[in-house]
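I have placed the structure first, in the form of structure tokens, so that the comments after it can refer back to it.
We number each residue from 1, following the sequence as shown.
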Amino acid sequence: MSSNTSAAPGTEERPLRIAVIGSGPAGVYAADMLTKSAEVRDGLVVSIDLFDRYPAPYGLIRYGVAPDHPRIKGIVNALHKVLDRGDIRFFGNVEYGTDLSLEDLQTHYDAVIFATGAIKDADLNIPGIELDGSYGGADFVSWYDGHPDVSREWPLNAKEIAVIGNGNVALDVARVLSKHADDLLVTEIPDNVYAGLKESPVTDVHIFGRRGPAQVKFTPLELRELSHSRDVDIVLYEEDFDFDEASDAAVKSNNQIKTMVGTLTNWLVEQDDDDADPTTGASRRLHLHFLHSPVEVTGTDGKVSGIKFERTELDGTGNVRGTGEFLDYPVQAVYRSVGYFGSALPDVEFDHQRGVVTNDGGRVLGVDGTQVPGIYATGWIKRGPVGLIGHTKGDALETITHLLADRAELPVAAVPGIEAVTELLDSRGVKFTSWEGWNELDAHEKALGAAASETGPVQRERIKVVSRDEMVDVSRGASVVG
């Protein structure tokens, strides 16, 4: 295809060149919607390159969702279909700000969409949170999902563990901590993660939420998954089941809340009917606590030895207030799962309070509050780490609608040639991966699973490769021993 710079962007002779930074759902959805937009159907020609700092695509779906989630495959399959069409190029192992600068992107593309998400843990500012044995839930998720940039080791030496948070990530963290490692072998769990979890001495995992059962932020599927763990009892506490006017209204008006409250209440009733014994004699217990606000992580010799909470009560609006009653729990590890937080991007204005790129409906703004021509954002880096996958589609639609509305005013790339970016990365020695390379890595991981299935106790669909170097080598066609 010609790279004639004199032609107007948007034609066969000179496509509108768009870079998307981030290949998770937000980035893929934005790219997909651009290719299917009314403007493209009416003749606008777009050329889209998708960049990711990791050698593999899918972002938080690969590195932020527990491996035993049954719905992962459906999401991955949907993203795979988009990228497998061949009209969107994938460049993996390319880090924005290191391998490519904003100036580079503006030189080669008419518009740039940032879809870098949020991977850091939100802070929980209470005394003792810095003690040895206090961890971020997102960091733990990165470890058990085989993130290439985290340590292969994780300290799993606590018998009693507190998980702070009432969202889906908190449930994932608690479920993986309490689940028997052998029951995770059927997933894509990396070998080092299986070995670590296998040696864990855990007996009790406690999940603590600040508000009541009607205010939880997880979803029915994630809640029900808790009851599927073998040899793990779920333990609830009757004093935590309080409902105010706002709670009752939420149950009546929201089917999802109604389902979750019904599930929790049924578990409590079944537990109370069991001769006042909340357990079945399982070797591990998963405790669900509500109306607990964390006050302090306590320690001995610099290590976590307990956690203190203030009991809360609902105030009629669905919010809570302190009661002045304090409770201490002996634990040897604390995981905070109170949300994700975005990371600042080089040369892009950032809202450090909210953890998002400064923007108006996806149009990135400069330090003076005016729109930066040709720069956009979508997903969690645009709106913050809230909402589910479905919200990301609407978010992407808003952003690409604004981009297409702005296209007559977009700054025209000076070097828009299709191969110019490839040549630039090659000249800088960047070992970037491609969509074809991902298919090679995908097949390699499945082959590892098949080989393990022949000698192991269960069928393994795949074993996730953890090493970045190995991922790059396989993706780029190098032979891998072992």
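- Judged by distance alone, the side chain of Asp121 and the main-chain N or O of Asp139 form a donor-acceptor pair under 3.5 Å.
- Using a 4.0 Å cut-off between charged side-chain N and carboxylate O, Asp32 and Lys393 make no salt bridge.
- Under the 3.5 Å distance criterion, the side-chain polar atoms of Asn359 are matched with a main-chain donor or acceptor of Val357.
- Using cut-offs of 30° and 60° for the angle between ring planes, the His352 and Phe350 rings count as perpendicular.
- Heavy atoms only, all atoms of each residue included: Pro127 and Val295 are closest at CD-O, 3.3 Å.
- The existence of a salt bridge linking Asp182 and Lys198 is confirmed by a sub-4.0 Å separation between a basic side-chain nitrogen and an acidic carboxylate oxygen.
- If you run side-chain contact (heavy atoms from CB on, under 4.5 Å) between Ile129 and each of Val304, Leu124, Ile307, only Leu124 comes through.
- Side-chain atoms of Ser475 and Thr433 form no donor-acceptor pair, as typed in the model, at a separation below 3.5 Å.
- Salt-bridge check for Arg175 with Asp172: passed, with a basic side-chain N closer than 4.0 Å to an acidic carboxylate O.
- Taking the six-membered ring for Trp and thresholds of 30 and 60 degrees, Trp438 and Trp435 have ring planes inclined between 30 and 60 degrees apart.
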Residue pair Tyr340, Trp380: steps toward the ring-ring contact (aromatic ring centres under 6.0 Å, His included) verdict: CA-CA 9 Å; Tyr340 283 87; Trp380 281 4; 5.7 Å; yes
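- Under a 4.0 Å N-O distance rule, the pair Asp442/Lys446 qualifies as a salt bridge.
- The backbone N or O of His147 lies less than 3.5 Å from no partner atom in the side chain of Asp145, so there is not a single donor-acceptor pair.
- Side chain of Glu313 to backbone of Arg321: no donor-acceptor contact under 3.5 angstrom is found.
- Annotation: side-chain hydrogen bond (donor to acceptor under 3.5 Å, both in side chains) contacts of Thr399 (sequence neighbours excluded): Lys382.
- A donor atom on one side chain and an acceptor atom on the other are found under 3.5 Å apart for Thr35 and Arg85.
- The backbone N or O of Glu130 sits nowhere less than 3.5 Å from a side-chain atom of Ser134 that would complete a donor-acceptor pair.
- The 12-atom threshold is not exceeded at CG of Asp301, counting heavy atoms of other residues, nucleotides or ligands nearer than 6.0 Å.
- Under the 3.5 Å distance criterion, the side-chain polar atoms of Asp315 are matched with a main-chain donor or acceptor of Thr317.
- No donor-acceptor pair under 3.5 Å is formed between the side chain of Arg336 and the backbone N or O of Asp123.
- In this structure, Lys120 forms no cation-pi arrangement with Phe341, as its terminal cationic atom is not both closer than 6.0 Å to the ring centre and no more than 45° off the ring axis.
- No donor-acceptor pair closer than 3.5 Å links the side chain of Asp231 to the backbone N or O of Ala282.
- Between the side chains of Gln215 and Ser247, at least one donor-acceptor pair of N or O atoms lies under 3.5 Å.
- In summary, the side chains of His292 and Tyr329 do present a donor paired with an acceptor at a separation below 3.5 Å, with no hydrogens or angles considered.
- A salt bridge is defined here as a Lys NZ or Arg NE, NH1 or NH2 lying under 4.0 Å from an Asp or Glu carboxylate O, and Arg285 with Asp233 fails to meet this definition.
- Salt-bridge formation is detected for the pair Glu445/Arg62: a Lys NZ or Arg NE/NH1/NH2 atom is positioned less than 4.0 Å from an Asp or Glu carboxylate oxygen.
- In terms of modelled atom types and a separation under 3.5 Å, the side chain of Thr187 and the main chain of Leu184 share a donor-acceptor contact.
- Screening Val205, Leu177, Val169 against Tyr335 for a side-chain contact (heavy atoms from CB on, under 4.5 Å) leaves a single residue, Leu177.
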Full working for side chain to side chain contact (heavy atoms under 4.5 Å, CB included) between Thr422 and Phe432: CA-CA 9 Å; Thr422 303; Phe432 62 88; 3.6 Å; yes
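- Of the possible polar contacts, one joining the Thr312 side chain to the Arg210 backbone as a donor-acceptor pair under 3.5 Å is found.
- Taking the charged nitrogens against the carboxylate oxygens, Asp242 and Arg211 have no contact shorter than 4.0 Å, which rules out a salt bridge.
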